[in-house]
Amino acid sequence: MKAWIAPIMRGNSFRLALGVLAMALAWQLSVVLFKVPVHYLPSLPLIAERLSHYPDPFIAGFIRTASEMLIGLAVGTLFGLLSAVIMQRYRMVRHLLLPLFIISQTIPVIAFGAIVVMWFGNSLLAKAVIAFYLTFFTITVNTLAGLDSVDPKQISLLRSFGASNQQLLWRLQLPSALPAFFTGLKLAVATSLSGAVVGEWFGDTTGLGVLLLQSMYNEDTISLWSAILLVALLGSVCFGVVAAIEKRVLFWQHKQDINH
Amino acid sequence: MSQSQSGRLWGLVSVLGCLVIWEVSVRQLDIPSYLLPPFSDIVIQVSQNFPSLMSASAATLSAALSGFAIGTLAGLLLAILLTFSPVMRQSLLSIIVAINTVPMAAYAPLVILWFGVGMESKVVIVACEVGFTVLLGALSGLAQVDRRSIDLLSSFGAGRWKIMWCLRLPTALPAIMTALRLSTVRSIIATIVVEMLGSYLGLGWTLYQSVVMSNFLTVWSAILLASVISLLFFASVAWIERRVVFWQ
Amino acid sequence: MTTNSAAISEGWVESVSPRAVTKGSSILGLQNLTKRFGAITALENVSVDINKGEFITVIGPSGCGKSTLFNIVAGLDSPDDGHIAHHSRAIDARELLGQVAFMPQQDLLLPWRTVLDNAILAIELEGTPRAKARAQALKMLPEFGLKGFEKHYPHQLSGGMRQRVALMRTFLFRRELMLLDEPFGALDSLTRSMMQRWLLEIWQHHERTVLFITHDIDEAIFLADRVLVMSARPGRVKLEQRIDLPRPRRGDIVTSEEFMAIKRRLLAEIEEESMKSFAS
Amino acid sequence: MKSTISKWHRLNAALAVILLPIIFSHSATAQTLTEASVRLKWLPQAQFAGFYVAKEKGFYIENGIDLTINPGGPNVLTENLVATGSDTFGLAGGAPSVISSRENGLPVVAIGLGTQQTDFVFVAKNDGPVETIQDFKGHSVSTWFTGANHILSAMLADQGVDQDDVNIQPQQVSVTPFVNGSVDVVTATWYNELNTIRNAVGEESLRFFIPEDYGISIPRDALITSERTLANSPELVTHFVEATIRGWKYAFDHPDEAIDIVMQQSPTLERDHQETMLAEMQRLMTADAAQDHGLYWLDREKLLKTHDLLRRYDVISSDIDIDSAFNISILESIPLADRMP
């Protein structure tokens, strides 16, 4: 193997690309060899043709769903962080609020379709709210766990240096909670996307969720697969971006991993 | 009274407080019941329609539990196999992570078209949802084992199954249990989503049907039951977790 | 007294007078400290007078309440009974918070900060602007054997180097009294003896007062002006031993007759305590 | 509560302005127009061609209405959204859903009914074992349990068949089980599922059991508004209904153009399927009483029968005043000639 290939071969993204290629090949081969009916698994060229033939709704849907998801994710992350910090600082707030947060997550959002439309209309905001609803809890819980797991000895040390609560939070607790926060954020990418897609089922005209629903009821498997693949693309790209940021921010963690 | 006990007490106070605020404000402000019925009416509705709501809950719970069991087994098995084969693990992990970023909601329409309306679709969706979570949790747990401990056991003449059983799995147990706990609520919600899209049994179906019939009290009682079932499922897995991973 | 307090609040006590003179003026007086955790009495009637410029080591079996004592002196914990005098003025234990340079057992370096930024953590928290703090730390790097490593992160350092960063952090936090809690406990014996000699050099150069916990008798004697032997739970000061070995101390002092004599006496005391805690 | 809702909307509007610079810009004439919205019962398709055509051709604007068309979805109940004022108008499930909404206290009123007949039919294969309703005995019938099951029950009762002898199954999204032969009788809307079945099996090999043949006729696709809107702005309601009817008439006269307009909303739809759908909609909307009274006519006799059917099968537990649930005054205020198809 040529010397320049070796470092790329080790890269995650290269492995991912190779994996995707292998999957695509397996897909196409099984469709051709076993003559899988279109309504189970359409061949990839058919999907590509559908996407190139009617690109507009798919492009518009992708943009729409992506913006719903990103707004929800951003607000959910901020809210989650803030609530975690407050709950960590004030035990009482934690005792009072955390049970309500947990209960809120046991309520199936899809049951609230009518209420969501009633309160927020068909706006992009409505879907962002649902994405937010599915996002904040993961962030809160993970960040809280991260804040809780700060070594008490470390806190004692900084206290002995006369650190104030503020200083403790910014210099020690938040940075220490970052690994747990990123774990939560990676989970939240999927849940916020889920929220955006489900949110679009409550009477909307654009979005990947709308396309999914429409193709399901029209028994149009080609469009259905096109939409699924686009959702997968959106989810993977966002996940990849978060993972890349994590790698940069938590440089010390990865170095430690290698040492072990 | 211990810290955690008083914490739980305050949690209860806050939940009850919210219910009281709900009840009083709905009654005081004369909010029509199609917007938000008083909580007591929902409880009464649950008790009046207890048999039918219970059978719906049972249908949802059985689908969720079957999917949960299948998903857990499949996820664990796959994780063990991938741990045995590092090459497979390296090449498949990125794909698994990529697939896992796609929300279950996106697959639901496809699964309904493939498996039809009924138990199968629900079980498949829940099994996928739980399976991926358990797989990823177990993989990271199984990888946490200290190389030196493995070497030690190998020096005692342990084979890889022995090492898996005596060392890797116990080490991975906390991570696996966390994944299971996370999956509980999700498995119930996934079942309900599938039921609302296409099914003729379960709480999701009750929800759908009551919405169509503008029977809002039934809608709310189904939501209440879904929430209670999720909490109970979550609590029982958390209880098992505390006993299984007592050392943490 | 007033000048001293002013100096402390500035964060820098430059000892101008020779050590012979300053020795004897009490910085911190602990009288009959008692601390209980539920049914367990961790400390009982512990009295110590810490004088300026002294190097005191504390040795005792595990569970003798050394860490409790340290937490109280660092201002992190309050005794249930007893008095504390700071420069002969009675104070509450909590007032000591931020008045003592504390170095815990582990280095507790922040993994996301460079060597330089870890070293300045304490003075940065105090309010020293970063640039100024960094400049101060840069000047100290060679003395701590860290020259050229200022941009490294903790995970790139060896255990001995990490400990030196932690020590530098403690030295930069200029307080009359330094509390060192088994700082070399995790190091191998070769590195450890090098670090001990090096610590003495630094201590003499910077003229600080040190309270030092250790498990190692050789270390306790080698470093100290005074060794406090603590008893098994409840922790009491069982013996106070002055060490009059000449300074500066060289590595081979540990094989000298005087050293051995002191060691034998201390060993006997500690043995007795260890047996007690072993039996209980 | 009303003020709370409008506050919500104002808040949301404000948030929307802050968060999203991409806001639909209103046309220059917007100031003189009344803003209104209609909530459909499902995703865009030719079943709603009239609305999309009327909007595209500017009929609503001509009548002074700046109309937003909101599609429906699973778990989005049109009646509820109209009752709360989220949407001004709605195309609800049909006469039964309006009746049960009224029984549940929703302040909605039907001002017209789209399809004059039951919009679905029970279908068997010609070469299959089922030739008459009697043959349903011992065979499998799949139907929707959201109302169609009661009509099936009524048809069986009409023919003296005991319901327990029939293997009634819930019907899935797909009609594949019927096409595959695992189900003997399937329920299909005239405009949607039937079309799929025709394409898969062929028209000639199908046998229909039409509810109307057994004395059951349930009008569907109810045009509704809230009691408040009807009382406060009857002109708005009249203008809306009038423009909608104009839209439908235009769609019936120019089916190609109408399908073009629908396809713009949802380009992945199948054109042939949509054309058939529009044709079936035309047949159902212009049937029976519409022949004499025009589109969207409220056939009181059929409504009373529907009400009785719902009472018989305990869908509603008390009697509902049909004349306040279905208000004919709006239709009557539009000249008959304008309403005639």
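Order of the sequence lines fixes the chain letters, A, B, ..., with proteins taken first and strands second; residue numbering starts at 1 for each chain.
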ask   = Rounded to the nearest 0.5 Å, what separation is found between the OG1 atom of A:T206 and the CD atom of D:Q265?
value = 10.0 Å

query = Measuring from D:S266:OG to A:Y54:OH, what's the distance to the nearest 0.5 Å?
reply = 10.5 Å

key: Student check: side-chain heavy atoms of A:H53 and D:P267 closer than 4.5 Å   = no

